[in-house]
*Asks:* 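To start, I am sharing the structure in question, which I have written as structure tokens.
All values below were derived from every heavy atom in this structure, side-chain atoms included, with hydrogens, water molecules and symmetry-related copies excluded.
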Amino acid sequence: MTRSVLIGICLVLATLTSVAAASRRHSRMPVQIKMDTFIGPLPAGVRSEGTWRIKVRHTVYDMQIVKLTVLTGDTSASSILEAVRPTKSASFTVVGQDATLDKIANAKPAEPHAITAHLRLDARTLMVSQVE
């Protein structure tokens with residue numbers, strides 16, 4: 001190989017390494033999000049962007065994401081939805097004040113909720129600050 005090809009390969013590898021390191025750093029940072037959701041089954045005629053299994057205290061619920069908005073953070077809603085795949089176990093453990101957690105745990109089927117939270121993808125934690 002010629003010297004210029006080797007230098008080009010080294011530059012590409014250095015760039016890929018720095019991008020991967022930055023990605024790992026950002027995954028540890030909480031991202032503030034707002035979600036329009038339904039806890040439980042999705043009502044007829046409503047389209048979901050994804051289903052997350054959330055654990056509130058010791059109970060697991062299906063949360064239908066109708067709309068996800070990133071309020072602060074260096075990522076996009078579509079990147080978050082892509083990273084979180086439905087699983088049999090809980091996608092996220094939900095933490096927050098008791099009154100806030102009660103609103104989620106006591107949600108009626110077909111009742112929409114707007115939830116504001118900090119999301120930690122690496123720890124699979126949803127720190128809920130507000131449920132409307």
*Asks:* Identify the two heavy atoms, one from Leu68 and one from Glu49, that lie closest to each other, and give their separation to 0.1 Å.
*Replies:*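 That would be N-OE1, 3.7 Å.
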*Asks:* Leu101, Val131: one ILVMFWY side-chain cluster at the under-4.5 Å cut-off?
*Replies:*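 Leu101 and Val131: one cluster.
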*Asks:* Look up atom CD1 in Ile115 and atom CG in Leu126, then write down how far apart they are to the nearest 0.5 Å.
*Replies:*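 Separation between the atoms: 7.0 Å.
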*Asks:* According to a hydrophobic-cluster definition based on side-chain heavy atoms being under 4.5 Å apart (Ile, Leu, Val, Met, Phe, Trp, Tyr only), do Val66 and Val70 belong together?
*Replies:*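 Different clusters: Val66 never reaches Val70 through Ile, Leu, Val, Met, Phe, Trp or Tyr contacts under 4.5 Å.
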*Asks:* About how many Å separate OG1 of Thr69 and CG of Asp36, when rounded to the nearest 0.5 Å?
*Replies:*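 Nearest 0.5 Å value for the CG-OG1 distance: 7.0 Å.
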*Asks:* Is the shortest side-chain N to carboxylate O distance from Arg57 to Asp98 below 4.0 Å?
*Replies:*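 Judged by the 4.0 Å cut-off on N to carboxylate O distance, Arg57 and Asp98 do form a salt bridge.
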*Asks:* Rounded to the nearest 0.5 Å, how far apart are CG of Leu121 and OG1 of Thr75?
*Replies:*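 Reported value, rounded in 0.5 Å steps: 7.5 Å.
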*Asks:* Rounded to the nearest 0.5 Å, what's the gap from OH on Tyr61 to NZ on Lys55? Could you check?
*Replies:*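 Going from OH on Tyr61 over to NZ on Lys55, the span is 12.0 Å.
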*Asks:* Taking only residues two or more places apart in sequence or in another chain, which ones pass ring pair (Phe, Tyr, Trp, His ring centres under 6.0 Å) with Phe38?
*Replies:*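 Per chain and number, Phe38 pairs via ring pair (Phe, Tyr, Trp, His ring centres under 6.0 Å) with no residue.
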*Asks:* List for me each residue that meets side chain to side chain donor-acceptor pair (under 3.5 Å) alongside Ser78, sequence neighbours excluded, and say none if there are none.
*Replies:*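 If we apply the side chain to side chain donor-acceptor pair (under 3.5 Å) test to Ser78, skipping adjacent residues, the hits are Ser76.
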*Asks:* For Pro30 and Met127, work out which heavy atoms get closest and say how close.
*Replies:*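 Nearest pair, atom of Pro30 first, then Met127: CB-CE, 4.2 Å.
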*Asks:* How many angstroms lie between CD1 in Ile80 and CE in Met35, if you round to the nearest 0.5 Å?
*Replies:*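 It is 9.5 Å, given to the nearest 0.5 Å.
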*Asks:* So which heavy atom on Thr125 is nearest to which on Phe92, and how close?
*Replies:*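 For Thr125 and Phe92, the tightest heavy-atom pair comes out as N-CD2, 3.6 Å.
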*Asks:* So which heavy atom on Gln64 is nearest to which on Ser48, and how close?
*Replies:*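 So the minimum-distance heavy-atom pair works out to OE1-OG, 3.7 Å.
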*Asks:* Using the rule side chain to side chain contact (heavy atoms under 4.5 Å, CB included), only one of Thr93, Asp102, Val95, Ile104 pairs with Val56; which is it?
*Replies:*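 Going through the options one by one, the only one that passes is Ile104.
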*Asks:* Does CD belonging to Gln97 count more than 12 external heavy atoms closer than 6.0 Å?
*Replies:*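 Not buried by this count: 12 neighbours or fewer within 6.0 Å.
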*Asks:* Heavy atoms, side chains only, cut-off 4.5 Å: are Ile33 and Thr116 in contact?
*Replies:*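 They are not in contact (no side-chain heavy atoms under 4.5 Å apart), so the answer is no.
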*Asks:* For the backbone of His113 and the side chain of Glu132, can you confirm whether one donor and one acceptor N or O come within less than 3.5 Å of each other?
*Replies:*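 It does not hold such a pair.
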*Asks:* Measuring from atom CD1 of Ile54 to atom OG1 of Thr51, what distance do you get when rounded to the nearest 0.5 angstrom?
*Replies:*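 Those atoms lie 11.5 Å apart.
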*Asks:* Where the side chain of Glu82 meets the backbone of Ser79, is there a donor-acceptor pair that is under 3.5 Å apart?
*Replies:*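 No, because the side chain of Glu82 does not come within donor-acceptor range (under 3.5 Å) of the backbone of Ser79.
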*Asks:* Using every non-hydrogen atom in the two residues, find where Ala110 and Pro43 come nearest and quote the distance to one decimal.
*Replies:*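 Smallest heavy-atom distance, with atoms named: CA-CG, 3.7 Å.
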*Asks:* Whether the side chain of Thr100 engages the backbone of Val128 through a donor-acceptor N/O pair (distance < 3.5 Å, no angle test) should be reported.
*Replies:*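 Judged by distance alone, no pair lies under 3.5 Å.
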*Asks:* Side-chain heavy atoms nearer than 4.5 Å, only ILVMFWY residues, links allowed to pass through others: does that put Leu81 and Val84 together?
*Replies:*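 Both belong to a single hydrophobic cluster.
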